[in-house]
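Let me begin by presenting the structure, written as structure tokens, before commenting on it.
Every chain is numbered from 1 and lettered A, B, ... according to where its sequence line falls, protein lines coming before strand lines. A quick note: this is a predicted structure, and the numbers were derived from the prediction, not measured.
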Protein chains: 2
Amino acid sequence: MTEKFFNLDEEKQARIINAAMKEFSDHGYAQASTNEMVKQAGISKGLLFHYFKNKQGLYLFLYDYAMQKMLAEMEASMDWAERDLFMMYRRIVEVKFRLCRVYPDMFNFLKVANTADTNEATPELQRRNEQLISKWYERMYRNVDYSLFKEGVDVQRVIHVLRWTMEGFSYTQLEHMKKLSLEELDLDAMMVEIDQYLELLKQAFYRS
Amino acid sequence: MTEKFFNLDEEKQARIINAAMKEFSDHGYAQASTNEMVKQAGISKGLLFHYFKNKQGLYLFLYDYAMQKMLAEMEASMDWAERDLFMMYRRIVEVKFRLCRVYPDMFNFLKVANTADTNEATPELQRRNEQLISKWYERMYRNVDYSLFKEGVDVQRVIHVLRWTMEGFSYTQLEHMKKLSLEELDLDAMMVEIDQYLELLKQAFYRS
DNA sequence: CTGTAGTTGACCACTTTGGTCAACAGCTTG
DNA sequence: CAAGCTGTTGACCAAAGTGGTCAACTACAG
């Protein structure tokens, strides 16, 4: 079913994928409107159902597609020998931003797909990928050198602060980007800014 | 119109308010369903429109009500002479949690109401309250003693880290609460946890 | 018994839903 | 030119859902 879809003009593929992911992540599975998707993608109603037999089929396809793209990008960008926790997170944010340039709503889509009550459509898919993700986390943390931290700091809590900072920063950035000038986000400038935060936190929590 | 509503059984008032706020904050103004609200509140369709002439009337009422409740709670709980930025934020989180016990979705409601594209229903209300909020922020930061920070740390960035940490923490807490045991959130235990994070950050960024 | 206040849910006209399908355009073959 | 093939359209469908109304019900007071 999907081979035909992949023979399409790539730009059209992207338009369809992005429109559908946006609609699903904005409204959840049930409330997402296929009418709205085709309108935003600039295609006809019939075409969508020509390539995907169902709303559910489309959803499942998107879920798999997003998951695969993300894991591939991770595989390509991560350095699994990295010992510095902060640099590890730096890489993750980089992956995120790079993906957002092509698929602006992929992360939101995956987030709501993995958490929300939408999961009637993805019972076992869910669990399979949950396992996959936890394996990646394990792999990420395996080599981290915790002896770099100052004595007495609670590393678990620092990790939380770090994650919330990264998430908070990227959320505001993407929000800002979507509002004003879409697509032309300056990845380099963002990474410079991210580095400032990482430096701040490093100096706060690493031994000097 | 609203006097009649306030004569209702208080528990019923709360049921209606919470159901409506949840629906609005979950789906936005246009997509929110009055049918779903009355179902969740356990009242009949007619009753809702007996107390509020309109969907829009209901929305406006909720917006004003939430705003007023929040400001009142702030007025009661904040200490405007506080000079410690971290303690200031501690108070804010406390207000937030206390309100969430009675109105679990009030913050989400206000957040989407103030940001989202929903604002067709609230053009001037919006601006009035934006001004109000910025006044409160100004009042908050007026007395803060920035000399407490270590030399060389970028205070603006620290403030961001602090805010993202508070938001991240309360988000996970409320998520966790909603999933497992609703309503019986242990405010004291949460504040103990918050204090741990605040202590961590204080030791990181304040002069010793 | 009457009046009043609170409450119901069947009902309305209207929109939107996911999904179908006959028809069409553009292209390569013979 | 015709025949076939692929990609594409949008009018159309039954079904569900929309915001909102209203005659009728209950329950209690005078």
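Across the protein-nucleic acid pair, A:Leu48 atom CG and C:dC21 atom P stand 16 Å apart, rounded to whole Å. With rounding to whole Å, B:Asn7 atom CG is found 7 Å from C:dG6 atom P. At whole-Å resolution of the value, NZ in B:Lys55 and P in D:dT18 are 9 Å apart. Residue B:Tyr59 contributes atom OH, which lies 20 Å from atom C1' of D:dG20 at whole-angstrom precision. Between B:His50 atom NE2 and D:dC22 atom P the separation is 14 Å, expressed in whole Å. Look at NZ on B:Lys4: it is 10 Å from C1' on C:dG6, rounded to the nearest Å. Atom-to-atom, CZ of B:Phe49 to P of D:dG19 comes out at 7 Å; the value is rounded to the nearest Å. Across the protein-nucleic acid pair, A:Phe5 atom CZ and D:dG7 atom P stand 13 Å apart, rounded to whole Å.
Ion pairing between a basic and an acidic side chain is recognised when a charged N comes within 4.0 Å of a carboxylate O; B:Glu36 and B:Lys39 show such pairing. Residues A:Lys12 and A:Asp9 are not paired through a salt bridge, judged by the lack of any N-O separation under 4.0 Å between the basic side chain and the carboxylate. Ion pairing between A:Lys69 and A:Glu73 fails under the 4.0 Å rule for side-chain N and carboxylate O.
Under a cut-off of 6.0 angstrom, the local environment of NZ in A:Lys96 is crowded, with over 12 non-hydrogen atoms contributed by other residues, nucleotides or ligands.
Shown here for B:Arg15 and B:Ile43, the closest heavy-atom pair between the two residues is NH2-CG2, 4.1 Å.
Of the candidates C:dT7, D:dT8, D:dG20, the closest approach to any side-chain atom of B:Asn54 belongs to D:dG20.
Judged purely by distance below 3.5 Å, without hydrogens or angles, the side chains of B:Asn114 and B:Tyr63 pair a donor atom with an acceptor atom.
The stretch residues 8-21 of chain A touches DNA chain D through A:Leu8, A:Lys12, each having a heavy atom within less than 4.0 Å of the strand. Near-neighbour residues of DNA chain D inside residues 34-42 of chain B, defined by a heavy atom below 4.0 Å, number-ordered: B:Thr34, B:Asn35.
With contacts defined as side-chain heavy-atom distances shorter than 4.5 Å, the pair B:His27/A:Gln31 qualifies. Here the side chains of A:Met166 and A:Phe86 are not in contact, with every heavy-atom distance at 4.5 Å or above. Between B:Met21 and B:Asn18 there is a side-chain heavy-atom pair separated by less than 4.5 Å. Between A:Val158 and A:Leu85, every side-chain heavy-atom pair lies at or beyond the 4.5 Å cut-off. At least one side-chain heavy atom of B:Asn35 sits less than 4.5 Å from a side-chain heavy atom of B:Lys45.
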Nucleotide N/O of nucleotides 28-30 of chain D paired with protein N/O under 3.5 Å:
none

With the criterion being N/O to N/O and under 3.5 Å, what pairs connect the protein with nucleotides 24-27 of chain C, and how long is each?
none

Under-3.5 Å N/O pairs linking protein and nucleotides 10-16 of chain D:
{"unit_1": "D:dG10", "atom_1": "O6", "unit_2": "A:Gly46", "atom_2": "N", "d": "3.4"}

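The side-chain contact (heavy atoms from CB on, under 4.5 Å) check on A:Gln173 picks up A:Phe97, A:Phe169, A:Met190, with sequence neighbours excluded.
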| request: Could you walk me through whether B:Asn108 and B:Leu174 pass side-chain contact (heavy atoms from CB on, under 4.5 Å), step by step? | output: CA-CA 11 Å; B:Asn108 278 334; B:Leu174 296 177; over 6 Å; no
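The side-chain tip of A:Arg139 points at the ring of A:Trp80 from less than 6.0 angstrom away and within 45° of straight on.
For the OP1/OP2 pair of D:dG7 and a distance below 4.0 Å, the side-chain nitrogens and oxygens of A:Tyr51 include no atom meeting the criterion.
B:Lys202 contributes atom NZ, which lies 8.5 Å from atom CG of B:Leu148 (distance to the nearest 0.5 angstrom).
A donor-acceptor distance shorter than 3.5 angstrom exists from the side chain of A:Lys55 to the backbone of A:Ala32, with no hydrogens or angles considered.
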